[in-house]
Protein chains: 2
Amino acid sequence: MTQHIQPPTSTASSRIYDILRKDLVGGRFAAGEKLAINALKEQYQVGLSPLREALNKLAAYGLLIQENQRGFRVPTLSRNELDDIAQMRLALEGMAFEQAIVHGDAAWEADLLAAEHRLKCADMTLDKDDEWERLHTQFHRTLVAPCGSVWLLRFIEQLHDQFDRYRRLGPRMPTVRQELDQQHHELVALAMKRDGQAARALLDDHIRTSYDVALQCFLSHSR
Amino acid sequence: MTQHIQPPTSTASSRIYDILRKDLVGGRFAAGEKLAINALKEQYQVGLSPLREALNKLAAYGLLIQENQRGFRVPTLSRNELDDIAQMRLALEGMAFEQAIVHGDAAWEADLLAAEHRLKCADMTLDKDDEWERLHTQFHRTLVAPCGSVWLLRFIEQLHDQFDRYRRLGPRMPTVRQELDQQHHELVALAMKRDGQAARALLDDHIRTSYDVALQCFLSHSR
DNA sequence: ATTTAGTAAAAAATCGATTATTTACTTGGC
DNA sequence: GCCAAGTAAATAATCGATTTTTTACTAAAT
């Protein structure tokens with residue numbers, strides 16, 4: 001008997017939401033830019049209603065600024081905000097990782113190994129970075145997944161998107177990426193050793209290293 | 001010369017958003033309920049487009065669940081989620097309050113005194129609770145306002161809305177409210193004394209007390 | 001020179017109607 | 001009686017057009 005698996009239903013609205021989210025995080029729009037809805041409509045070949053619904057969701061999510069009667073703008077970037085985001089990542093991801101180490105089971109360890117391996121392989125074989133970004137996001141999601149708090153995971157995801165707006169301003173830096181990949185590997189090792197102390201310390205390092213990268217991106221970009 | 005202050009522009013979409021947010025937090029809709037968009041349209045006397053835009057925003061904010069091709073539902077309630085929300089409030093509001101005590105200036109102290117006084121007076125004179133809820137929210141917002149992190153404030157606000165969905169399931173309890181009001185008063189006192197340790201301890205107590213209330217509300221409601 | 005008022009163009013928001021999808025119901029087969 | 005397929009009704013999503021508001025531009029007035 002065949003399983004009647006529904007093709008994961010999507011709507012024009014949800015599709016354009018995903019695309020715009022990716023493009024906003026990836027820096028395809030300039031910070032502060034005013035979005036020309038009609039232009040987007042053409043560019044993405046989508047109707048006005050689903051487009052507006054997606055923009056509304058993105059505004060509630062924090063990837064757009066909505067001003068009554070004057071449409072949608074891409075949020076500006078500032079060093080203060082980057083610092084804020086990095087600080088929050090340190091606090092929330094640290095908290096989540098510690099809990100994940102307490103509660104994560106064998107399946108989690110397997111997921112971690114798999115995610116780390118996929119990430120390590122991706123950046124060698126692939127030219128385009130989209131795939132690396134996806135796997136990188138997935139790795140960090142896995143790291144904190146079993147923390148036990150739905151809301152904590154939600155906030156962390158949101159902060160990642162915000163953080164990546166800064167980090168992805170700049171070009172890829174192979175040297176730094178190698179260092180980060182090394183940290184990814186060690187994070188998995190410490191997590192599996194259930195060494196909460198050391199793991200959290202390393203995660204702090206990792207976030208701070210990423211922060212340095214993002215800050216460089218931001219500074220050279222705003223000059 | 002007269003200042004040309006624009007009447008704070010609003011749109012049908014933003015108005016219905018505010019109303020629905022209030023009604024969702026206030027428990028006017030049953031948990032798990034499927035929203036009948038056409039009914040809402042009539043009930044709130046609003047067009048379909050602004051209504052849908054508001055619902056999309058509320059879903060992104062977490063006060064609604066959106067499922068592709070099957071509209072919007074009110075999120076269900078569960079003890080696990082209440083625990084999660086309360087835990088997160090403890091962590092995030094504690095963090096924010098400590099920072100607020102470090103960075104808050106004289107203007108903050110004034111705001112605190114004012115917010116506390118307004119709240120204390122409100123529950124005596126007013127019959128309807130809407131005003132008390134508004135002032136209570138405002139008090140807690142003031143408490144953490146100068147914490148220095150826009151994102152932290154944003155998350156805390158979101159958690160408050162979620163928490164209140166549970167707390168406002170039940171009837172008003174004058175006895176408990178008196179205890180909470182007492183804590184509000186002491187929170188202000190400790191904040192102004194800049195006693196971060198004690199202040200945070202009391203805020204923890206305060207949240208735990210509120211949690212007990214909310215839990216009772218939830219338990220008796222789900223029975 | 002700067003403001004003020006007026007107007008045309010552009011853009012945002014909303015409406016009314018249409019299309020697509022799901023849900024509820026019915027009927028026929030086993 | 002119970003499941004499956006088919007159909008009708010209900011609902012969600014989307015489209016195309018209209019209305020409202022803002023913005024950009026011009027010209028007159030202080």
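We name chains A, B, ... by the order of the sequence lines, and we start the count at 1 in each one.
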Any K34(B) side-chain N or O less than 4.0 Å from OP1/OP2 of dA12(D)
yes
Is the distance from OP1 or OP2 of dA13(C) to the nearest side-chain N or O of R52(A) less than 4.0 Å?
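The answer is yes; a side-chain N or O of R52(A) sits under 4.0 Å from OP1 or OP2.
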Nearest-angstrom distance from the residue atom [atom1] of [X] to [atom2] of [N]:
{"X": "K41(A)", "N": "dC15(D)", "atom1": "NZ", "atom2": "P", "value": "8 Å"}
{"X": "L48(A)", "N": "dG16(D)", "atom1": "CG", "atom2": "P", "value": "11 Å"}
{"X": "L51(A)", "N": "dA13(D)", "atom1": "CG", "atom2": "C1'", "value": "14 Å"}
{"X": "F72(A)", "N": "dA12(C)", "atom1": "CZ", "atom2": "C1'", "value": "9 Å"}
{"X": "R70(B)", "N": "dA24(C)", "atom1": "CZ", "atom2": "P", "value": "11 Å"}
{"X": "N38(B)", "N": "dT22(C)", "atom1": "CG", "atom2": "C1'", "value": "15 Å"}
{"X": "Q66(B)", "N": "dT21(C)", "atom1": "CD", "atom2": "P", "value": "16 Å"}
{"X": "I37(A)", "N": "dT14(C)", "atom1": "CD1", "atom2": "C1'", "value": "13 Å"}

Consider only side-chain N and O atoms of D23(A) and Y44(A), and report whether a donor and an acceptor are under 3.5 Å apart.
yes
Does the side chain of T142(A) come under 3.5 Å of the side chain of D111(A) through a donor N or O and an acceptor N or O?
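No - no donor-acceptor pair under 3.5 Å links their side chains.
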Tell me whether the NZ or CZ atom of R89(A) lies within the 45° cone about the ring axis of F163(A) and under 6.0 Å from its centre.
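Geometry flag: set, cation within 6.0 Å and 45°.
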Is the positively charged end of R118(B) above the ring of W132(B), judged by distance under 6.0 angstrom from the centroid and angle within 45° of the axis?
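The answer is no; the distance or angle limit is not met.
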Net bend of the helix from dA1(C)-dT30(D) to dC30(C)-dG1(D), end axes of five pairs each, nearest 10 degrees:
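End-to-end axis angle: 30°.
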For R154(B), is there an ion pair with E157(B) - N to carboxylate O distance below 4.0 angstrom?
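So E157(B) does not pair with R154(B) through a salt bridge.
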Determine the interplanar angle of the H136(B) and H184(B) rings, folded into 0 to 90°, and report it as parallel if under 30°, tilted if 30 to 60°, perpendicular if over 60°.
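The rings of H136(B) and H184(B) sit tilted, inter-plane angle from 30° to 60°.
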Select base, sugar-phosphate, or nothing to describe what L55(B) touches, counting heavy atoms under 4.0 Å on all strands.
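No contact at all - L55(B) keeps every heavy atom at 4.0 Å or more from the nucleic acid.
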Nearest heavy atom decides the nucleotide; on that basis, is S49(A) or L35(B) closer to the 5' end of DNA chain D?
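This one resolves to L35(B).
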Given salt bridge (Lys or Arg N to Asp or Glu O under 4.0 Å), test R167(A) with D164(A) step by step and report yes or no.
CA-CA 5 Å; R167(A) 181 175 57 78; D164(A) 285 352; 3.1 Å; yes
Closest of dT14(C), dT22(D), dC15(D) to the Q69(A) side chain is dT22(D)
